[in-house]
Amino acid sequence: METIVNGYFDEIELWDTAYFGNPIITDNTIIIPTRNITLYEGHPLNHTGNRMLLPEGKLCFSGVRRSERDIAEYIGDPKSGKGFKPAYKIIDGLFTKVDRPVTNFWIEGISENPSAWITWEIESVSFCLKIPEITENPVVDRTAKTKTINLFA
């Protein structure tokens, strides 16, 4: 069973910590498996009083009108500091017409395959975060600036 939180996109941080898996694109929906999602204090899943790191989740966009990714693949290991190959753009799908108002969502982080820095713009009607079932007693790392919480059974 998953926990689903609709909205609250502005209460998550991706660019500094996130690793994106390959997106699942069907009809007007994009699901992005993501590791290391930072939740700000205002997110309804975060009751720590500090930023909190989710180990995994899925970024889900429904009613997608447009999806465009700028990809800059790393030269060698991302931590090597060797830089990037020339960047390229991916324009996803032929989405069916969306008659409702859309929101512009910007995502930045590391793509796992290919190993690359990704800047992603998605125009969609809605956003939700899906995470595996939450345990009743999360474990909090109280020594870090960002709290890492094990929310999963």
Side-chain angles (χ1 to χ4, degrees), residues 2-26 28-46 48-62 64-95 102-124 126-135 138-153:
E2 291 180 312
T3 297
I4 300 171
V5 178
N6 291 305
Y8 294 94
F9 184 81
D10 291 337
E11 298 299 325
I12 65 174
E13 180 179 294
L14 301 166
W15 70 271
D16 195 30
T17 57
Y19 291 82
F20 304 118
N22 291 327
I24 301 160
I25 302 172
T26 56
N28 284 63
T29 302
I30 296 177
I31 300 171
I32 307 167
T34 306
R35 294 187 301 111
N36 297 345
I37 302 166
T38 300
L39 302 181
Y40 291 123
E41 295 86 346
H43 195 281
L45 293 176
N46 185 352
T48 67
N50 293 297
R51 293 187 322 161
M52 181 182 103
L53 189 65
L54 287 177
E56 64 180 294
K58 296 175 187 168
L59 308 177
C60 304
F61 300 88
S62 298
V64 176
R65 178 169 63 193
R66 186 171 72 84
S67 170
E68 231 174 76
R69 297 178 265 170
D70 291 321
I71 310 288
E73 292 186 40
Y74 290 104
I75 297 173
D77 185 284
K79 296 177 184 175
S80 70
K82 292 182 181 177
F84 300 95
K85 298 176 184 176
Y88 57 93
K89 186 179 294 283
I90 295 176
I91 299 173
D92 294 307
L94 292 174
F95 300 106
V102 296
T103 300
N104 223 10
F105 297 96
W106 287 90
I107 299 171
E108 289 187 310
I110 297 173
S111 167
E112 293 183 310
N113 186 18
S115 179
W117 181 257
I118 184 168
T119 302
W120 201 332
E121 182 182 7
I122 298 172
E123 292 178 0
S124 72
S126 65
F127 164 79
C128 75
L129 173 63
K130 294 182 180 180
I131 62 169
E133 186 173 352
I134 297 175
T135 62
V139 177
V140 180
D141 176 359
R142 298 195 188 283
T143 60
K145 288 182 182 177
T146 299
K147 296 192 184 287
T148 302
I149 298 185
N150 181 6
L151 293 174
F152 310 109

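Fair warning: this is a prediction, and the values are worked out from it, not measured in the lab. Just so you know, these numbers use all the heavy atoms, side chains as well, and skip hydrogens, waters and symmetry mates.
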Legend entry - Which atom of Thr103 lies closest to which atom of Phe105, heavy atoms considered: O-CD1, 3.4 Å
Legend entry - Audit row: Leu54, Leu129, side chain to side chain contact (heavy atoms under 4.5 Å, CB included) steps and yes/no: CA-CA 11 Å; Leu54 287 177; Leu129 173 63; 3.9 Å; yes
Inset, instruction - Identify, with sequence neighbours excluded, every residue that meets salt bridge (Lys or Arg N to Asp or Glu O under 4.0 Å) alongside Glu68. - result: Arg66, Lys89
Legend entry - Atom pair CD1/OG1 of Ile31 and Thr26 - distance to nearest 0.5 Å: 6.0 Å
Legend entry - Inter-residue atom distance Leu45.CG - Ile12.CD1, 0.5 Å rounding: 10.5 Å
Inset, instruction - Mind running side chain to side chain contact (heavy atoms under 4.5 Å, CB included) on Met52 and His43 for me, showing each step along the way? - result: CA-CA 9 Å; Met52 181 182 103; His43 195 281; over 6 Å; no
Inset, instruction - Go through the steps for Trp106 and Thr119 under the test side-chain hydrogen bond (donor to acceptor under 3.5 Å, both in side chains), then give the verdict. - result: CA-CA 7 Å; Trp106 287 90; Thr119 302; over 6 Å; no
Legend entry - Closest contact, heavy atoms only, Ile32 versus Thr34: O-OG1, 2.9 Å
Inset, instruction - If the plane angle is over 60° it's perpendicular, under 30° parallel, otherwise tilted; pick one for Phe9 and Phe127. - result: perpendicular
Inset, instruction - Indicate yes or no: at least one non-hydrogen side-chain atom of Trp117 is less than 4.5 angstrom from one of Ile110. - result: yes
Legend entry - Ser67 side chain reached by Phe95 side chain, heavy atoms, under 4.5 Å: yes
Inset, instruction - Hey, could you give me the CG/SG distance between Asn6 and Cys128, rounded to the nearest 0.5 Å? - result: 5.5 Å
Legend entry - Close side-chain approach of Glu2 to Lys58, heavy-atom, < 4.5 Å: yes
Inset, instruction - Search all heavy atoms of Ala72 against all heavy atoms of Phe84 and return the closest pair with its distance. - result: O-CD2, 3.2 Å
Inset, instruction - Could you tell me which non-hydrogen atom of Ser80 sits nearest to which non-hydrogen atom of Asp77, and how far apart they are? - result: OG-O, 2.7 Å
Inset, instruction - Indicate the atoms forming the closest heavy-atom contact of Thr3 with Pro132, along with that distance. - result: OG1-O, 4.2 Å
Inset, instruction - Please list all pairs passing the side-chain hydrogen bond (donor to acceptor under 3.5 Å, both in side chains) test where one or both residues lie in residues 8-19, with sequence neighbours left out. - result: Glu13-Tyr40, Glu13-Arg51, Thr17-Thr38
Inset, instruction - Quick one: list whatever passes salt bridge (Lys or Arg N to Asp or Glu O under 4.0 Å) with Lys85, sequence neighbours left out. - result: Glu73
Legend entry - Exercise: identify the closest heavy-atom pair between Pro78 and Ser115: CG-OG, 3.4 Å
Legend entry - Pair Ile107-Phe61, side chain to side chain contact (heavy atoms under 4.5 Å, CB included): steps then yes or no: CA-CA 12 Å; Ile107 299 171; Phe61 300 88; 3.6 Å; yes
Inset, instruction - Give, for atom CG of Leu94 and atom CD1 of Ile91, the distance between the pair rounded to the nearest 0.5 Å. - result: 10.5 Å
Legend entry - Any Ser111 side-chain heavy atom under 4.5 Å of Arg69 side chain: no
Legend entry - Residue of the set Val64, Val102, Asp92, Leu59 for which side-chain contact (heavy atoms from CB on, under 4.5 Å) holds with Ile122: Val64
